[in-house]
Amino acid sequence: MAKIALYGATGTIGARVLREALGRGHRVTAVVRDPARCPDRPGAAVVRGDVLDPVSVAGAAAGQDVVVSAIGPGTGDPAVLVTAVKSLIGGICTLAPAASRPRLITVGGSGSLRAPDGSPLWQAPGVPEAMRTVMHAHADALDFLLTVPLEEVRWTCLSPPAQIEPGERTGTYRLALDDLVVDGAGRSRISAEDYAVALLDEIDRDAHAGRRFTVGA
Ligand SMILES: NC(=O)c1ccc[n+]([C@@H]2O[C@H](COP(=O)([O-])OP(=O)(O)OC[C@H]3O[C@@H](n4cnc5c(N)ncnc54)[C@H](OP(=O)(O)O)[C@@H]3O)[C@@H](O)[C@H]2O)c1
């Protein structure tokens, strides 16, 4: 059983991560901007917190084994993704001793993954400009994480495939590191439920510390 602080529990992906974590018997604290908007999940604690404030992050992260960030910019400025990851690292880094700090697992983006032709997905034709901006913000957040030594924070970034949406929990998925996972029909996708399975497997196995990896059906 792990103690998990989860940011983004009200979101599409975060809600599945919350459900999967509770189903495995982990102790989850949803850290949200507005507790009134957090879905009622028996077994989860809900606290108010600000992912953009390192002092608030330190308070939420203290005593946890893992901090998960599934936040997204919605229709707001995608740069919040970079501010958030810096705040998360900054807040966790204030906890002492370093060995007691929780791990950090972030939900990343697919834009910087290599498509089958070898180019980053954000260069693919037809990617809307607004989505491209979010993809670049996720890449900037990952670039920052890559500067963080594991001795300071044991971090991992899990990039979704090109498409992720609510669906069936099959419990199966395929893994890759920096290459987009594509099926035999050329589709790169996963249900948000199976993405949550992969993220919780990473929490349980700690197999990708200090790097980004990705999943697909
Ligand atoms: N193919 C891909 O690469 C791909 C596809 C889908 C999603 N994603 C990424 O996955 C992440 C989650 O996506 P999603 O669809 O689950 O997003 P979502 O449904 O829009 O949910 C976003 C979550 O972020 C929280 N949030 C936003 N700003 C926040 C802030 N300043 N402080 C604290 N919480 C904040 C929201 O909380 P409130 O309830 O307080 O607003 C909400 O829980 C995003 O970063 C998104 O870009 C990637």
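Order of listing sets the numbers, starting from 1, for every ligand and every atom in it. A quick note: this is a predicted structure, and the numbers were derived from the prediction, not measured.
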Kindly list each side-chain donor-acceptor pair under 3.5 angstrom involving residues 112-120, sequence neighbours excluded, with atom names and distances?
{"from": "S112", "atom 1": "OG", "to": "R212", "atom 2": "NH1", "distance (Å)": "3.2"}
{"from": "S112", "atom 1": "OG", "to": "R212", "atom 2": "NH2", "distance (Å)": "3.1"}
{"from": "R114", "atom 1": "NE", "to": "D179", "atom 2": "OD1", "distance (Å)": "2.8"}
{"from": "R114", "atom 1": "NH2", "to": "D179", "atom 2": "OD2", "distance (Å)": "3.3"}
{"from": "D117", "atom 1": "OD1", "to": "S119", "atom 2": "N", "distance (Å)": "2.9"}
{"from": "D117", "atom 1": "OD1", "to": "S119", "atom 2": "OG", "distance (Å)": "2.6"}
{"from": "D117", "atom 1": "OD2", "to": "S119", "atom 2": "OG", "distance (Å)": "3.2"}

- Do R16 and D194 meet the salt-bridge criterion of a basic N to acidic O distance under 4.0 Å? no

Please give the N or O to N or O pairs under 3.5 Å between ligand 1 and the protein, distances rounded to 0.1 Å.
{"from": "ligand 1", "atom 1": "1 (N)", "to": "S110", "atom 2": "OG", "distance (Å)": "3.2"}
{"from": "ligand 1", "atom 1": "1 (N)", "to": "P161", "atom 2": "O", "distance (Å)": "2.8"}
{"from": "ligand 1", "atom 1": "1 (N)", "to": "A162", "atom 2": "O", "distance (Å)": "3.2"}
{"from": "ligand 1", "atom 1": "3 (O)", "to": "S110", "atom 2": "N", "distance (Å)": "2.8"}
{"from": "ligand 1", "atom 1": "3 (O)", "to": "S110", "atom 2": "OG", "distance (Å)": "3.0"}
{"from": "ligand 1", "atom 1": "16 (O)", "to": "T12", "atom 2": "N", "distance (Å)": "3.2"}
{"from": "ligand 1", "atom 1": "16 (O)", "to": "I13", "atom 2": "N", "distance (Å)": "2.8"}
{"from": "ligand 1", "atom 1": "19 (O)", "to": "T12", "atom 2": "N", "distance (Å)": "2.9"}
{"from": "ligand 1", "atom 1": "19 (O)", "to": "T12", "atom 2": "OG1", "distance (Å)": "3.2"}
{"from": "ligand 1", "atom 1": "24 (O)", "to": "G72", "atom 2": "N", "distance (Å)": "3.0"}
{"from": "ligand 1", "atom 1": "28 (N)", "to": "R33", "atom 2": "NH2", "distance (Å)": "3.3"}
{"from": "ligand 1", "atom 1": "37 (O)", "to": "T10", "atom 2": "OG1", "distance (Å)": "3.2"}
{"from": "ligand 1", "atom 1": "39 (O)", "to": "T10", "atom 2": "OG1", "distance (Å)": "2.4"}
{"from": "ligand 1", "atom 1": "39 (O)", "to": "R37", "atom 2": "NH2", "distance (Å)": "3.3"}
{"from": "ligand 1", "atom 1": "40 (O)", "to": "R33", "atom 2": "NE", "distance (Å)": "2.9"}
{"from": "ligand 1", "atom 1": "40 (O)", "to": "R33", "atom 2": "NH2", "distance (Å)": "3.3"}
{"from": "ligand 1", "atom 1": "41 (O)", "to": "R33", "atom 2": "NH2", "distance (Å)": "2.6"}
{"from": "ligand 1", "atom 1": "43 (O)", "to": "G8", "atom 2": "O", "distance (Å)": "3.3"}
{"from": "ligand 1", "atom 1": "43 (O)", "to": "T10", "atom 2": "OG1", "distance (Å)": "2.6"}
{"from": "ligand 1", "atom 1": "43 (O)", "to": "G11", "atom 2": "N", "distance (Å)": "3.1"}
{"from": "ligand 1", "atom 1": "45 (O)", "to": "I71", "atom 2": "O", "distance (Å)": "2.7"}
{"from": "ligand 1", "atom 1": "45 (O)", "to": "H138", "atom 2": "NE2", "distance (Å)": "3.1"}
{"from": "ligand 1", "atom 1": "47 (O)", "to": "H138", "atom 2": "NE2", "distance (Å)": "2.8"}

- Message: With a sphere of 6.0 Å drawn around CZ of R132, does it hold more than 12 non-hydrogen atoms of other residues, nucleotides or ligands?
- Response: yes

- Message: Check whether T214 reaches the backbone of S159 with its side chain - one donor and one acceptor, N or O, closer than 3.5 Å.
- Response: yes

- Message: Checking one residue: V46. Which other hydrophobic residues are in its cluster under the side-chain 4.5 Å linking rule?
- Response: V32

When the side chains of residues 198-205 are checked against the rest of the protein, which donor-acceptor pairs come out under 3.5 Å, sequence neighbours left out?
{"from": "D201", "atom 1": "OD1", "to": "R24", "atom 2": "NH1", "distance (Å)": "2.8"}
{"from": "D201", "atom 1": "OD1", "to": "R24", "atom 2": "NH2", "distance (Å)": "2.9"}
{"from": "D201", "atom 1": "OD2", "to": "Y173", "atom 2": "OH", "distance (Å)": "2.6"}
{"from": "E202", "atom 1": "OE1", "to": "H208", "atom 2": "ND1", "distance (Å)": "2.8"}
{"from": "E202", "atom 1": "OE2", "to": "A207", "atom 2": "N", "distance (Å)": "3.1"}
{"from": "E202", "atom 1": "OE2", "to": "H208", "atom 2": "N", "distance (Å)": "2.8"}
{"from": "D204", "atom 1": "OD1", "to": "H26", "atom 2": "NE2", "distance (Å)": "2.9"}
{"from": "D204", "atom 1": "OD2", "to": "R24", "atom 2": "NH1", "distance (Å)": "2.8"}

